[in-house]
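Below: the structure, in structure tokens.
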Amino acid sequence: MTQKDFIPKLEPKNISPGEVSWQSPSNIALVKYWGKKENQIPANPSISFTLDHCRSTTTLKYSEKDKNLKTEDFEFDFYFEGKPKEDFKPKIQKFFQRIEHYCPYLKDYRFEIYSENSFPHSSGIASSASGMSAIALCIMDLEKKLYPDLGEEYFSKKTSFLARLGSGSASRSIDGGLVVWGEHEEIEGSSDEFAVPYPHKVHETFRSYKDTILLVDKGEKQVSSTVGHDLMHGHPFAENRFKQAHDNLKALIPVLESGDTTEFIKIVESEALTLHAMMMSSQPYFILMKPNTLQILNKIWAYREETGIPVCFTLDAGANVHVLYPENHETKILEFINNELVVYCQNGHYICDRVGTGAKKL
Ligand code: PMV
């Protein structure tokens, strides 16, 4: 499927006003997406674990505009946690503009969008992946009502495609387990346009992996990921970095199949540090890690060395640390976190999450 397949060709059905609700999870990348081309096309492929507890719940209420009074504008109101949120509207407006070509019915309707997150909104956890994918799911649910013949595969691919146009990493939040976005020669069906479920064998260990998110800094990021992606244009290490992401994803295939946590750790931690190394070597350069981020990384390394327990970290574009480990070590790792890491978390806060099953309709 390519983008031209996502333009509806039939006449839409007439439908009564109604509402749809979806819950969509966040995800954490193991091989990172950092750098993009025009139209949110990633500069390299990425793979992520879909999370379970960090979710956005979104309701889309829709009613057709009066045919005589149709305006050439998108008409919508946005509510976050029950209250109107004006400062989020330009983001949605931009999203609607980007997807209008593929969803030509958008201007025929008036919308009310209600969204809330299961995680505290000031946690420093990016909510764009779960938030944008939840809106994309609601729009596709409406599209399914307008074009009832739309198949399951089309639904999930177009949803991921639309989510991608909202926020790149949101494309990986529709399916559960491991998800790949971006074309890779060893991943059949992989595409730059939308994410697909990881098609190869996955060892039991990685199907129930745990992710405890240590909230080091809940403040607003100093540099947005949009700006960060942009700084990969003309970055002195860009080409090598993009190649490395291809190589790392290829190297992960046998690791994910065999359950080899030692090799998994080498790839995942290197990816996290490389992401931040790209930020530190951009022009202008910037640092999103905080002193406590480094304290945690050192503690994790010392604990792993001492106990042999295969616990590791990854980072997204911020100071928070995702602690990744196999489910059977949960008790020990939570003890370690409570004894040694909680002091580095803002107000002692962390979120326990795990690999999840993907978005669901409510
Ligand atoms: O989806 P964006 O544009 O916010 O970019 C997210 C980039 C990282 O989280 C740093 C990496 C990734 O692949 O999710």
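Counting starts at 1 for both ligands and their atoms, following the listed order. As a basis for the values below, the full set of heavy atoms in this structure was taken, side chains included, without hydrogen atoms, waters or symmetry mates.
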Which ligand 1 atoms, with their elements, are less than 4.0 angstrom from a heavy-atom of [X]?
X: Ala317; answer: 10 (C)
X: His229; answer: 2 (P), 3 (O), 5 (O)
X: Ala29; answer: 12 (C), 13 (O), 14 (O)

*Should the proximity of Ser225 to ligand 1, defined as any heavy atom under 4.0 Å, be assigned to the side chain, the backbone, both, or neither?*
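The side chain, only.
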*asked:* I need the contact type for Thr226 against ligand 1. Using non-hydrogen atoms and a strict under-4.0 Å cut-off, is it side chain, backbone, both or neither?
replied: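 Thr226 to ligand 1: no contact under 4.0 Å from either part.
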*Can you tell me if Arg172 has a non-hydrogen atom under 4.0 Å from ligand 1?*
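Arg172 counts as a contact of ligand 1 under the 4.0 Å cut-off.
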*Distance under 6.0 Å and angle within 45° of the ring axis: does Lys13 meet both against Tyr147?*
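Relative to the ring axis of Tyr147, which defines the angle, Lys13 lies outside at least one limit.
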Pair [X] + [Y]: basic N to acidic O under 4.0 Å:
X: Arg172; Y: Asp175; value: no
X: Arg241; Y: Glu271; value: yes
X: Lys158; Y: Glu143; value: yes
X: Arg304; Y: Glu269; value: yes

Kindly confirm or rule out an N or O of [X] lying under 3.5 angstrom from an N or O of ligand 1.
X: Ser167; result: yes
X: Ser46; result: no
X: Asn27; result: no

*asked:* By the definition side chain to side chain contact (heavy atoms under 4.5 Å, CB included), identify the one residue from Ser133, Ser173, Ser130 that meets it with Ser56.
replied: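 It is Ser130; the other options fail the test.
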_Within the 6.0 Å centroid threshold, strictly below: Tyr209 and Phe49_ =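 Ring-ring flag for Tyr209/Phe49: true, centres closer than 6.0 Å.
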